[in-house]
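Single-structure report; data block below.
Residue numbers run from 1 in the order of the sequence given. In listed order, ligands and their atoms are each counted from 1.
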Amino acid sequence: MQWCNLRKTDPRMTVLPAPARRTLGNTGITVSPLAWGMWRSDGSPQDVAVCLHAALDAGVDLIDTADIYGWNGQSGFGDVEGKLGEVLRAMPGLRQRMVLATKGGITPPVPYDQSREYMARALDASLNRLGTDVIDLYLIHRPDVLTHPQELARFLDDAVTSGKVRAVGVSNFTVAQVETLSAFLGTPLAATQPEISPLRIEPIDNGEMDQAMRLDLLPMAWSPLGGGRLMQPKTAREKAVAAALDAVAEELGTSRALAAYGWLMAHPAGIVPIVGSQRPARIIEAAAVIEQRWTRTQWYRVFTAARGVPLP
Ligand code: NAP
């Protein structure tokens, strides 16, 4: 039987929907189904420019940074935003080609401050470093449990009404924290950014992805390759997950890294993996993931390996 006929008749071969451009909440802003992240950026502004061009030219237009990126435990707060700002000042046309996401609210060594006064200063400092009038998506990096969510909501609403920010979101928030903050917000949250990968599957069944679908939050997956551990697996579980990805990668004619991105993207919440590589060739290679079509069977094989126990 030919493969295309088999696909019509065998439910194991039913393919999941292809990744498409995603929408940032109700803002009308659309983003690529893959993002590029700058956490590991430690080169020069020229290096940043090369990676940024690689991403944009490959169709990856959601660019993720944070005010703390560059911090080495002693100094460097704001450095990565500063380098990106230098690139954008030198090539102003680039800004229009990207959806720019940054984050604030981590204040080493405090470690967190999300008071209205601090966040207002942090946002202005990010805008200055980035050399832009507006940030497309501003995320609260990690929850500060000492700030009342009503105060944080006030800051986020003001950030949008002042025109400094187009959309707001959170990162590393629990389901309850998202729910509570949302109750105080006039502007609905547009995005959430948890750690998700085939090595960290909790958001898939702890309610986070369900909440993202219910509230129309764009889920951005940080460390989609487990921070690189998926590429050099050490523990028995990591090796089993890598082997499951390799098996599907072979069927799809792709690599383990791209299979990991594709696995995340096949979830109905519209998960956007943030590519963490700072190598232009890997960023370009990653963009080919949009060609992938997973079957349900393939997806559940990886999920089962990630769970480590069979599904009921
Ligand atoms: P990742 O994709 O899980 O890991 C990237 C690492 O894997 C890099 O060191 C990369 O090295 C390595 N790698 C090895 N083989 C690779 C391959 N074939 N393709 C791609 N990478 C390969 O992502 P991450 O860097 O940990 O995180 C991604 C982004 O998520 C960050 O840049 C940041 O924007 C965001 N993030 C957010 C939070 C948060 O709290 N919100 C936390 C962490 C990260 P090379 O660079 O040498 O390719």
Sub-3.5 Å pairs, protein N or O with ligand 1 N or O:
residue	atom	partner	partner atom	Å
ligand 1	3 (O)	P224	N	3.4
ligand 1	3 (O)	L225	N	2.8
ligand 1	3 (O)	G226	N	3.4
ligand 1	3 (O)	G227	N	2.8
ligand 1	4 (O)	G228	N	3.4
ligand 1	15 (N)	R282	NH1	3.4
ligand 1	25 (O)	R40	NE	2.6
ligand 1	26 (O)	R40	NH2	2.9
ligand 1	26 (O)	S223	OG	2.6
ligand 1	27 (O)	S223	N	3.3
ligand 1	32 (O)	G37	O	3.3
ligand 1	32 (O)	M38	N	3.3
ligand 1	32 (O)	W39	N	3.1
ligand 1	34 (O)	D64	OD2	2.6
ligand 1	36 (N)	Y69	OH	3.4
ligand 1	40 (O)	H141	NE2	3.4
ligand 1	40 (O)	N172	ND2	2.9
ligand 1	41 (N)	S171	OG	2.8
ligand 1	41 (N)	Q193	OE1	2.9
ligand 1	46 (O)	Q278	N	3.1
ligand 1	47 (O)	R279	NE	2.7
ligand 1	47 (O)	R279	NH2	3.2
ligand 1	48 (O)	S277	OG	2.6
ligand 1	48 (O)	R279	NE	3.4
ligand 1	48 (O)	R282	NH1	2.7

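With sequence neighbours left out, the side-chain contact (heavy atoms from CB on, under 4.5 Å) criterion links E117 to S115, R121, E151. Checked against side-chain contact (heavy atoms from CB on, under 4.5 Å), P233 has the following partners two or more places apart in sequence or in another chain: E238, K239, A242, R256. Taking the ring pair (Phe, Tyr, Trp, His ring centres under 6.0 Å) definition, one finds that Y300 meets it with nothing, sequence neighbours left out.
Salt bridge annotation for E285-R279: absent, with no cationic side-chain nitrogen under 4.0 angstrom from a carboxylate oxygen.
The aromatic rings of W39 and Y69 sit tilted relative to each other, their planes meeting at an angle between 30° and 60°.
For the 3.5 Å distance criterion, the side chains of E81 and T102 qualify, holding a donor opposite an acceptor.
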